[in-house]
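What you see is a predicted model; the values in this text were computed from it and never measured. In what follows, chains carry the letters A, B, and so on, assigned in the order in which the sequence lines appear, proteins first and then strands, with residues in each chain numbered from 1.
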Number of protein chains: 2
Amino acid sequence: MQEGIVEGLRKLGLTEYEAKAYATLVGMGEATAREVHELSGVPRTRIYDILRDLGSKGFVEFVQGSPTYYRAVEPDSVMERLRDELVSCIDRSTNELLSLNLEAHGSSPVWCVRSKWGINNRIRDFLSKVERELVVFCRSPDLLIEHKAEMKKVPGLRIKVDRKEKFVGLGFEVQEMKEGAERFFKDYITDGTSNSIDALMIADDRSSIVVGTMGGERLAVIIRLPVVAMLQKAGWESLV
Amino acid sequence: MQEGIVEGLRKLGLTEYEAKAYATLVGMGEATAREVHELSGVPRTRIYDILRDLGSKGFVEFVQGSPTYYRAVEPDSVMERLRDELVSCIDRSTNELLSLNLEAHGSSPVWCVRSKWGINNRIRDFLSKVERELVVFCRSPDLLIEHKAEMKKVPGLRIKVDRKEKFVGLGFEVQEMKEGAERFFKDYITDGTSNSIDALMIADDRSSIVVGTMGGERLAVIIRLPVVAMLQKAGWESLV
DNA sequence: TTTGTTGTAACCAGATGAGTTACAATGCAA
DNA sequence: TTGCATTGTAACTCATCTGGTTACAACAAA
């Protein structure tokens, strides 16, 4: 049996035993508790309550007897129901949350974002709000690849990189910064934690976003203070 | 704060504390850890790691300081991502399961179904496969109401009930069974467990389905043996 | 009777989450 | 500066859940 299928079913709310038993039963079509146990690896003495639970959840059917026979309910049917339940739960939650969320917010000019998705989300948002000009410094092509499509649409795009050869074939016009300037963006250590900056973007001399690893965790810092943005840009210009 | 919103978020994979903190933060727009604690009821000494977790999951952003300020990422944005993740997980699982499910199955002629959804699913399937004739006995209008639409499409529909007055206004033509015949479907006790039958349907003299409560739990029994169906129908006919 | 199988029930151990306590560090006000 | 409240960290307890095991009753076949 594949490993991934169990993992997937667990994400959808089944336990490991339930996932194994159900997947096995789907594969066997019809089987006794013992057979499910043999193939799935679920302990024999537990297979009975597991199958009973699956029955209560609408995943399997059975025919009483000695031995009792079990079969899986058609997976597309079960999965469709699951999807409907989850989607309607999400829609409900979204509406409830939005009804709490009436007031305006985001007044603080600087925010940190921690998760990978959160960072990408922020970058997308940031890119979509550029009006005239975006200057970018970056040290790895990953970020440019990830946001290539949005980046292409940005007006006034200028990119500086540490070494040109890392960025060939991406379709971006990049400029290499001058000798010795890379020290501004080198890995450094503060308070015993190592920091490294992967990318810096400044939009319209107004807001900026810094992406990097600080103290062992990936972080993005969004700053919407024109003063700071101007200063950062001045530094950036000096990199030519 | 509403109770339902926390319950909904928990179904989507958050813990109680996480759900409370996130919902609260959505409502406040921007707040310190303390404020979130006060409003959400999450213990103050736990609010810090909860908010950190929410950050790692992409639900909140923060600005370091003393005190650190937090804000919720826009709920529609977060929820949309969650939906995409779950739906793609379901699609993947469905495909993997179906690829295991190539062989034909369902050869056994009798099956029990336990869950509410499973029972309804079975009944829908059963009704959709009627070709010429469906005879129904039922003791409560619930089942007819639940499957009214499908039932209307069934050819050769004949319904017998215990007492006609319970079924007025449903748009079904029902026939009352004769005096004394209800004893066949009365609640009865076997092996110390009480059983009661809510409905019995027979399709094309071929297959039948019985819905009822047996030993304290709701159960449907599907039988695809023509012999049994014929016998059941003979009994049914005698109810006139 | 013996043996093996089916099915039930209980138990143990590890992980996780809810809720609490202790305490270091950081301000802030007198 | 001292004293005090607040911020933030870390640990611990308790209950629940899940994975994994043991014991045993009921039953059928040999």
Side-chain angles (χ1 to χ4, degrees), chain A residues 1 3 6-7 9-25 30-57 59-60 62-70 108 112 114 191-193 215-217, chain B residues 1 3 6-7 9-25 30-57 59-60 62-70 108 112 114 190-193 214-217:
Chain A
M1 193 189 348
E3 189 47 44
V6 174
E7 210 34 58
L9 289 172
R10 291 189 64 174
K11 274 203 197 109
L12 302 175
L14 297 194
T15 67
E16 184 185 329
Y17 283 172
E18 287 172 342
K20 283 181 179 171
Y22 179 66
T24 302
L25 210 42
E30 184 175 327
T32 65
R34 172 156 224 119
E35 290 165 339
V36 177
H37 142 69
E38 306 264 1
L39 247 91
S40 65
V42 176
R44 194 189 64 80
T45 53
R46 296 298 308 284
I47 202 70
Y48 300 99
D49 49 296
I50 300 298
L51 287 170
R52 186 187 315 278
D53 289 351
L54 283 171
S56 309
K57 291 185 181 175
F59 282 69
V60 313
F62 61 98
V63 33
Q64 210 97 318
S66 193
T68 296
Y69 270 75
Y70 298 85
S108 170
C112 304
R114 218 186 280 265
D191 310 327
T193 62
E217 70 182 349
Chain B
M1 193 191 346
E3 189 47 44
V6 174
E7 209 34 58
L9 290 172
R10 292 189 64 175
K11 272 202 198 109
L12 302 175
L14 297 194
T15 67
E16 184 185 329
Y17 282 174
E18 287 172 343
K20 283 182 178 171
Y22 179 65
T24 303
L25 210 42
E30 185 174 325
T32 65
R34 170 155 226 118
E35 290 164 339
V36 176
H37 143 70
E38 306 265 2
L39 247 90
S40 65
V42 175
R44 193 190 63 81
T45 52
R46 297 296 309 285
I47 201 70
Y48 300 100
D49 48 297
I50 300 297
L51 287 171
R52 185 187 317 278
D53 289 351
L54 283 171
S56 309
K57 291 185 181 174
F59 282 69
V60 313
F62 61 98
V63 32
Q64 210 96 318
S66 195
T68 297
Y69 270 73
Y70 298 86
S108 170
C112 303
R114 219 186 280 264
T190 323
D191 311 326
T193 62
M214 296 153 213
E217 70 182 347

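- A search for side-chain contact (heavy atoms from CB on, under 4.5 Å) contacts involving S56(B) returns R114(A), not counting sequence neighbours.
- Rounded to whole Å, the distance from CG on D53(A) to C1' on dA9(C) is 15 Å.
- Defining each end axis of the helix from dT1(C)-dA30(D) to dA30(C)-dT1(D) as the rotation carrying four pairs' C1' atoms onto the next four, with five pairs an end, the two axes are found to diverge by 10° to 10 degrees.
- Summarising the geometry, the separation between CD on E38(A) and P on dG4(C) is reported as 15 Å, rounded to the nearest angstrom.
- The two atoms that bring T15(B) and E18(B) nearest to each other are N-OE1, 3.0 Å, heavy atoms only.
- Remark: Y70(B) pairs with no residue by the ring pair (Phe, Tyr, Trp, His ring centres under 6.0 Å) rule, at least two apart or across chains.
- Ionic pairing of E7(A) and K11(A) is not present here: no N-O contact between side-chain nitrogen and carboxylate oxygen is shorter than 4.0 angstrom.
- What separates CD of Q64(B) from P of dG27(C) is a distance of 12 Å, to the nearest Å.
- In this structure, L14(B) places its CG atom 16 Å from C1' of dA18(C), rounding to the nearest Å.
- For E16(A), the side-chain contact (heavy atoms from CB on, under 4.5 Å) test picks out V6(A), R10(A), K20(A), with sequence neighbours left out.
- Per the geometry, NE2 belonging to H37(A) stands 13 Å off P belonging to dG7(C), to the nearest Å.
- Rounded to an integer number of Å, the gap from NZ of K20(B) to C1' of dA18(C) is 9 Å.
- In this view, E35(B) and M28(B), A31(B), T32(B) satisfy the side-chain contact (heavy atoms from CB on, under 4.5 Å) rule, not counting sequence neighbours.
- Using a 4.5 Å cut-off on side-chain heavy atoms (C-beta onward), Y22(A) and L9(A) make contact.
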Study note, to complete from the structure: B/S/- along nucleotides 4-18 of chain D (protein heavy atoms under 4.0 Å) is --SBBBB-------S
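- Here the side chains of F59(B) and L25(B) are not in contact, with every heavy-atom distance at 4.5 Å or above.
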